[in-house]
Q: 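Could you have a look at this structure, given as structure tokens, before my questions?
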Amino acid sequence: MIGFLEERHIDLRYRAQAWIDASDLENDHDPLRIVGRLARHELLRACVPAAYGGLRERVELRDLCVLRGVLAYRSSLADTMLAMQGLGSYPVTLAGSEAQKQALLPRVANGQTICAFAITEPEAGSDVSAVATRAVRDGDGYLIDGVKCFISNAGVADSYVVFARTSDESHRGLSAFLVDGKANGLTTSPIELIAPHPIGTVTFERVRVPASARLGEEGAGFSLAMSTLDFFRSSVGAAALGMAARALDEATARVKARRQFGRPLAEFQATQMALAEMAVDVAASRLLVFSAAHVIDAAEGPGGVDAAMAKLYATEAAQRVIDRAVQLFGGQGVVRGCPVERLYREVRALRIYEGTSEIQKLVIAKSLLR
Ligand SMILES: Cc1cc2nc3c(=O)[nH]c(=O)nc-3n(C[C@H](O)[C@H](O)[C@H](O)COP(=O)(O)OP(=O)(O)OC[C@H]3O[C@@H](n4cnc5c(N)ncnc54)[C@H](O)[C@@H]3O)c2cc1C
């Protein structure tokens, strides 16, 4: 990745990799304990700016991509917990008041506050402008009513960034609020997915927040949500890349060890073709992800299309690579607990969250047709 990464990103990668390789992170299934471990090893510092306990003067996407790649190689749950500390605090980094930043960001970096980002609703998925949750002025604050679904960290989060409607204007009617996880009227119920991931529905019934809980101006919520998602999108590709790289390594080891027809599977050309195509998918994903992250960090352009391409390609490619790894494992590949079986379940959601593959294609096509 020479050219896209600088020495500081490579150092971070080696430091994180050394700890993760020596740890049993892969077998840790407790989200809160994982956040504590990520904090102790100072990895969460990549999620906030240096003035608030972070790693760099401003949050750098290449750090997040490097970390998501190495974490997802071992544990998609650890990757999710790091990603949510970033996604659920970045709107505060972008639009928070000094008081909001001081109160939240140092606690995000040291793992004392678990974050969530709540935009999706039962009738507002890909179409964010359909958000119906309302925040109505009430004296010196707001009352929030509505239902959010598929919210990562629902039930475990201490702090939710909630996007709610403050007027009937479509996109311009949305505003963002910081809501305490223990607020009166906020309840959660879990959703069980095919892979480990704390997630659920969050219901707001007359949840009262002070005006000081609003992030930025009234009506600025949609653009804040999009700026946050645009920033993080390529990091989803990085997580996919980590999973694909793991599947390739597992498959390579397996075909060298497994013998059929009197020789290792690795000696059959059909196996070699499969491995070669998997390796190209992994290499192409790596280039797209880190080139998008470089463009966005360097502010060389808006980066939205680069991020969409990186997410689209890397997540679709990871699905292909992992599916092939399962095939190369034969029956063992679908036995619960086999690493490629786990990856097969864990990678699936990446083509859906933070904008489905179809939505990424629309973003790319729109830029071509403009
Ligand atoms: C593991 C996981 C974690 C998540 N975490 C969060 C979170 O923390 N916070 C949060 O707010 N949300 C979260 N989500 C929700 C996620 O962002 C949505 O699931 C996603 O945006 C898609 O919305 P939807 O599920 O309503 O699907 P829909 O929007 O109903 O889409 C269904 C299908 O229709 C396609 N489609 C929709 N519109 C078009 C179109 N115009 N053209 C072509 N095809 C189209 C989609 O691509 C998809 O294939 C998470 C989801 C998952 C699975």
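Start at 1 with the first residue, then count along the sequence. Fair warning: this is a prediction, and the values are worked out from it, not measured in the lab. Every number for a ligand or one of its atoms is a count from 1 in the order of the listing.
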Q: If we count only non-hydrogen protein atoms and require a distance under 4.0 Å, does atom 23 (O) of ligand 1 qualify as touching the protein?
A: yes

Q: For atom 36 (N) of ligand 1, which protein heavy atom lies nearest, and how many Å away is it?
A: S126 OG, 4.4 Å

Q: Using the six-membered ring wherever Trp is involved, compare the ring planes of F4 and H294 and label them parallel, tilted or perpendicular (cut-offs 30° and 60°).
A: tilted

Q: For I352, counting its heavy atoms only, list the atoms of ligand 1 lying under 4.0 Å from any of them.
A: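 Result: 19 (O), 20 (C).
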
Q: Before signing off on this row, confirm whether I119 and ligand 1 have an N or O atom pair separated by under 3.5 Å.
A: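 N/O-N/O distance under 3.5 Å: yes.
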
Q: Can you check side-chain contact (heavy atoms from CB on, under 4.5 Å) on R68 and L82, steps first, answer last?
A: CA-CA 8 Å; R68 291 198 68 176; L82 178 119; 4.0 Å; yes

Q: Looking only at protein heavy atoms, identify the closest one to atom 46 (C) of ligand 1 and say how far it is in Å.
A: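 For atom 46 (C) of ligand 1, the nearest protein heavy atom comes out as T356 OG1, 3.6 Å.
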
Q: With atoms numbered from 1 as shown, which atoms in ligand 1 lie under 4.0 angstrom from a non-hydrogen atom of L193?
A: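 Atoms satisfying the 4.0 Å criterion: 1 (C).
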
Q: Does R172 CZ have over 12 foreign heavy atoms under 6.0 Å away?
A: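 Count not over threshold, so no.
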
Q: Heavy-atom distance from atom 30 (O) of ligand 1 to the protein below 4.0 Å?
A: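 No, there is none.
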
Q: Starting from atom 12 (N) of ligand 1, locate the nearest protein heavy atom and write down its residue, its atom name and how far away it is, to 0.1 Å.
A: T120 OG1, 2.6 Å

Q: Output the list of atoms in ligand 1 that are nearer than 4.0 Å to some heavy atom of L362, sorted by atom number.
A: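 With L362 as reference, the close atoms of ligand 1 come out as 40 (C), 41 (N), 42 (N).
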
Q: Is it the case that one hydrophobic cluster holds both L64 and V161, taking links as side-chain heavy atoms less than 4.5 Å apart, direct or via other members?
A: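 Yes, it is one cluster - the side chains of L64 and V161 are joined through contacts under 4.5 Å.
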
Q: Looking at E26 and R342, is any side-chain nitrogen of the basic one under 4.0 Å from a carboxylate oxygen of the acidic one?
A: yes

Q: Taking only heavy atoms of E354 into account, list the atoms of ligand 1 that are under 4.0 Å away from them.
A: 17 (O)

Q: Against heavy atoms of F117, which atoms of ligand 1 measure under 4.0 Å?
A: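 Atoms satisfying the 4.0 Å criterion: 7 (C), 8 (O), 9 (N), 10 (C), 11 (O).
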
Q: Between the side chains of R165 and D168, is the shortest nitrogen-to-carboxylate-oxygen separation below 4.0 Å, so that they form an ion pair?
A: no

Q: Determine, step by step, whether R320 and E277 satisfy the salt bridge (Lys or Arg N to Asp or Glu O under 4.0 Å) criterion, reporting the C-alpha distance in whole Å, the side-chain angles of both residues, the deciding distance to 0.1 Å, and the verdict.
A: CA-CA 10 Å; R320 280 196 297 276; E277 286 171 18; over 6 Å; no

Q: Which residue supplies the protein heavy atom nearest to atom 5 (N) of ligand 1, what is that atom called, and how far is it?
A: S152 OG, 2.9 Å

Q: Distance to 0.1 Å, residue and atom name: give those for the protein heavy atom nearest to atom 26 (O) of ligand 1.
A: G125 CA, 3.2 Å

Q: For the pair D30 and R37, find out whether any cationic side-chain nitrogen is under 4.0 Å from an anionic carboxylate oxygen.
A: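 A salt bridge is absent here (no side-chain N lies under 4.0 Å from a carboxylate O).
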
Q: Please work out whether the ring planes of H41 and W19 are parallel, tilted or perpendicular, with thresholds of 30° and 60°.
A: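 H41 vs W19 ring planes: parallel.
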
Q: Nearest protein heavy-atom contact for atom 39 (C) of ligand 1: which residue, which atom, what distance?
A: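 Scanning the protein heavy atoms, the shortest distance from atom 39 (C) of ligand 1 goes to I359 CD1, 4.1 Å.
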
Q: Select one of side chain, backbone, both or neither to describe which atoms of I199 lie under 4.0 Å from any atom of ligand 1, heavy atoms only.
A: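 Side chain only; the backbone of I199 stays clear of ligand 1.
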
Q: With atoms numbered from 1 as shown, which atoms in ligand 1 lie under 4.0 angstrom from a non-hydrogen atom of A349?
A: 1 (C)

Q: Please compare Y160, Y353, F150 and report which has the shortest non-hydrogen distance to atom 13 (C) of ligand 1.
A: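 Result: the heavy atom closest to atom 13 (C) of ligand 1 is in F150.
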
Q: How far is atom 43 (C) of ligand 1 from its nearest protein heavy atom, and which residue and atom is that?
A: E358 CB, 4.1 Å

Q: Quick check against the 3.5 Å criterion: does R56 have a side-chain atom that pairs as donor or acceptor with the backbone of R8?
A: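 Between the backbone of R8 and the side chain of R56 there is a qualifying donor-acceptor contact (under 3.5 Å).
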
Q: Any salt bridge linking R74 with D21? Criterion: basic side-chain nitrogen under 4.0 Å from a carboxylate oxygen.
A: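 Judged by the 4.0 Å cut-off on N to carboxylate O distance, R74 and D21 do form a salt bridge.
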
